[in-house]
J.: 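Pasting in a structure now, in structure tokens, and then I'll have a few things to ask.
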Amino acid sequence: MERRRRIADQIRAARLYANLSQQDVISRTGLDRSTYQAIEGARSSPLLDNLLRISDAIGVPLSDLVREDPPARASP
């Protein structure tokens, strides 16, 4: 659930940085409004195809939407 929230937050941040409304992204992706809102609200796990559509609509690489911080390395 935490990972889903992080992805949702990254989608929202990228959308806002691109100065797009949710409706803009919905129109560009062809996703149903409730589907997109569930993804951005972290109530639904997005399908890979939908993540690709969202990244294209916002104009960011997919990796920007699903990036996780690398795990801390233990010192030898």
J.: Has the side chain of Arg5 got a donor or acceptor atom that lies under 3.5 Å from a matching backbone atom of Gly41?
T.: yes

J.: Tyr36 and Leu16: same hydrophobic cluster, using ILVMFWY side-chain contacts below 4.5 Å?
T.: no

J.: Return yes if some donor-acceptor pair links the side-chain N/O of Ser44 with the main-chain N/O of Pro46 below 3.5 Å, else return no.
T.: no

J.: Do Tyr17 and Val60 come close enough that some side-chain heavy atom pair is under 4.5 Å?
T.: no

J.: For Val66, which of Leu48, Leu51, Ile11 qualifies under side chain to side chain contact (heavy atoms under 4.5 Å, CB included)?
T.: Leu51

J.: Would Arg53 and Asp56 satisfy salt bridge (charged side-chain N to carboxylate O under 4.0 Å, His left out), going step by step from the backbone distance to the final call?
T.: CA-CA 5 Å; Arg53 292 161 100 180; Asp56 289 345; over 6 Å; no

J.: Between atom CE of Met1 and atom OG of Ser45, what is the distance when rounded to the nearest 0.5 Å?
T.: 8.5 Å

J.: Closest approach of Pro61 and Ser55, non-hydrogen atoms and distance?
T.: C-CB, 4.2 Å

J.: Nearest 0.5 angstrom please: Arg12 CZ to Ile58 CD1, how far?
T.: 11.0 Å

J.: For Gln23, does the CD atom have more than 12 heavy-atom neighbours from other residues, nucleotides or ligands under 6.0 Å away?
T.: yes

J.: A quick test of your reading: do over 12 heavy atoms of other residues, nucleotides or ligands sit less than 6.0 Å from CG of Asn19?
T.: no

J.: Locate the shortest heavy-atom distance separating Glu40 from Gln22; write the atom from each residue and the value.
T.: OE2-NE2, 3.0 Å

J.: Inspect the contact between Asp9 and Arg6 and indicate whether a charged nitrogen and a carboxylate oxygen are less than 4.0 angstrom apart.
T.: no

J.: For Leu31, is there any backbone N or O sitting under 3.5 Å from a side-chain donor or acceptor partner on Thr35?
T.: no

J.: Does Arg15 use its side chain to pair, donor to acceptor, with the backbone of Gln10 at less than 3.5 Å?
T.: no

J.: Side chains of Ser21 and Asp24: any donor to acceptor distance under 3.5 Å?
T.: yes

J.: Look up atom CG in Asn50 and atom OG1 in Thr29, then write down how far apart they are to the nearest 0.5 Å.
T.: 7.5 Å

J.: Between atom CZ of Arg28 and atom CD1 of Ile54, what is the distance when rounded to the nearest 0.5 Å?
T.: 13.0 Å

